[in-house]
Undergrad: 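One structure, as structure tokens, below. Some questions next.
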Amino acid sequence: MSGAMVEALGVRKSFGSTEILKGIDLTVERGSVTSLIGPSGSGKTTFLRCINHLEKVDAGRLSVDGQTVGYEERGGRLHEMKERQTARQRLNAGMVFQRFNLFPHMTVLENIVEAPTRVLRRPRDEVSAEAQVLLDRVGLGNRGHSYPQELSGGQQQRIAIARALAMKPKLMLFDEPTSALDPELVGEVLDVMKSLAEAGMTMVVVTHELGFARQVCDQVVFMDGGVVVESGAPADVLDAPKEERTQAFLSKVL
């Protein structure tokens, strides 16, 4: 299916008196991969968290798969959803964080099975079989009975990806998924993400891995100061940026 999976129109977000997002306009097409790049503090992670309503939008409109995130329209006005409705809507977007956030007292398989059985109330046997398929998919099919502390950081992050996929999301959000990893472990996580992209998963990735952005992404978005400074195809933004701010940033990181 074609069309927008994520659409942001004039999205604003403040924490106290500090405005973090200052009117974000952005479209992510279904089946595409978008990377958000830019300096620390530019609003990338905040915007990502707004997509699945971990943060509430103060102004503007943000929709996922045609549904306004966190709000419903009645009588021509937006009304905030109840938490239960928001939680159900949040299931559409799987999120992978910098830190793996695995349950240390559970095995790898138990970590993956927990949410589908507890939240979606699906049969454990059925979910366990699917979890094993996901483990194979991320290259860790033989580690289902291991505990997180027995795994490397790269392996734990691949488990975190499998756990997010177990909820069968329409969209995957990644918040600098390799930033906490030793350099030699980055590649194994990026390889899993590449395979997801090849399978047609819609993805929004906050990343400093510009090689990944160049090779895998359909759209690169450069953010700074809470706004989208420049966006477009990787070759355009990374190799021939039009804006001086983009040029200055890339000159320091490429």
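This is a predicted model, so every value here is computed, not measured.
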Undergrad: Check the surroundings of atom CD in Glu83: do more than 12 heavy atoms from other residues, nucleotides or ligands lie under 6.0 Å from it?
TA: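 Yes - once you tally the heavy atoms of other residues, nucleotides and ligands closer than 6.0 Å, there are more than 12.
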Undergrad: Does the side chain of Arg12 reach to within under 4.5 Å of the side chain of Lys22, using non-hydrogen atoms?
TA: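 Of all side-chain heavy-atom pairs linking Lys22 with Arg12, at least one is under 4.5 Å.
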Undergrad: Give, for atom CZ of Arg143 and atom OG1 of Thr107, the distance between the pair rounded to the nearest 0.5 Å.
TA: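 These two atoms lie 11.5 Å from each other.
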Undergrad: Decide yes or no for Val33 and Phe174: does some side-chain heavy atom of the first lie under 4.5 Å from some side-chain heavy atom of the second?
TA: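 The answer is no; the side chains never approach within 4.5 Å.
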Undergrad: Would you please classify the geometry between the His53 ring and the Tyr71 ring as parallel, tilted or perpendicular, with 30° and 60° separating the classes?
TA: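 Geometry flag for His53 against Tyr71: perpendicular rings.
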Undergrad: Kindly indicate whether the side chain of Ile161, heavy atoms from C-beta on, has any atom under 4.5 Å from the side chain of Leu196.
TA: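 In contact.
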Undergrad: Do the side chains of Glu110 and Arg124 get close enough for a salt bridge, i.e. N-O under 4.0 angstrom?
TA: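 Between Arg124 and Glu110 there is no salt bridge, as every charged N stays at least 4.0 Å from the carboxylate O atoms.
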Undergrad: Can you tell if the side chain of Leu26 reaches within under 4.5 Å of the side chain of Val6, non-hydrogen atoms only?
TA: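 Counting from C-beta outward, Leu26 and Val6 never come under 4.5 Å.
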Undergrad: Hey, is NE2 on His79 packed in by over 12 heavy atoms from elsewhere, all under 6.0 Å?
TA: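 Yes, the 6.0 Å shell around NE2 holds more than 12 heavy atoms from other groups.
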Undergrad: Closer than 4.0 angstrom, basic N to acidic O: yes or no for Lys44 and Asp175?
TA: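 Here Lys44 does not pair with Asp175 in a salt bridge, since their nearest N and O are not under 4.0 Å apart.
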Undergrad: Are any of the side-chain heavy atoms of Leu36 and Thr207 separated by less than 4.5 Å?
TA: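 A side-chain contact under 4.5 Å is absent here.
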Undergrad: If you measure only the distance, is there a donor-acceptor pair under 3.5 Å linking the side chains of Asp224 and Ser42?
TA: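 No donor-acceptor contact under 3.5 Å links the two side chains.
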Undergrad: For the pair Ile37 and Met223, evaluate side-chain contact (heavy atoms from CB on, under 4.5 Å) and give the outcome as yes or no after the intermediate values.
TA: CA-CA 6 Å; Ile37 67 171; Met223 292 178 61; over 6 Å; no
Undergrad: For salt bridge (charged side-chain N to carboxylate O under 4.0 Å, His left out), just list the numbers for Lys13 and Glu19, CA-CA rounded to whole Å, side-chain angles, deciding distance to a tenth of an Å, and then say yes or no.
TA: CA-CA 6 Å; Lys13 174 66 183 177; Glu19 190 174 31; over 6 Å; no
Undergrad: Can a salt bridge be assigned to the pair Arg74 and Glu72 using a cut-off of 4.0 Å between side-chain N and carboxylate O?
TA: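 A salt bridge is present here (some side-chain N lies under 4.0 Å from a carboxylate O).
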Undergrad: Do the non-hydrogen side-chain atoms of Gln89 and Val69 ever get within less than 4.5 Å of each other?
TA: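 In short, these two side chains touch, coming nearer than 4.5 Å.
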Undergrad: Quick one: do Asp65 and Arg30 make a salt bridge, cutoff under 4.0 Å?
TA: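 Result for this pair is yes, salt bridge flagged.
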Undergrad: Considering only NZ, NE, NH1 and NH2 on the basic side and carboxylate oxygens on the acidic side, decide whether Glu230 and Arg245 come within less than 4.0 Å.
TA: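 The answer is no: the pair does not qualify as a salt bridge.
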Undergrad: Are Thr68 and Glu73 side-chain neighbours, meaning at least one heavy-atom pair lies under 4.5 Å?
TA: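 The answer is no, as the side chains (C-beta and beyond) never meet within the 4.5 Å cut-off.
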Undergrad: Are Arg99 and Glu176 within salt-bridge range, i.e. N to O under 4.0 Å?
TA: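 No, Arg99 and Glu176 are not salt-bridged.
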Undergrad: Within the structure provided, determine whether Leu250 and Val253 are in side-chain contact (heavy-atom separation under 4.5 Å).
TA: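 The answer is yes, as the side chains (C-beta and beyond) meet within the 4.5 Å cut-off.
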Undergrad: Under 4.0 Å between a side-chain nitrogen and a carboxylate oxygen: does that hold for Glu130 and Arg122?
TA: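 Salt bridge present between Glu130 and Arg122.
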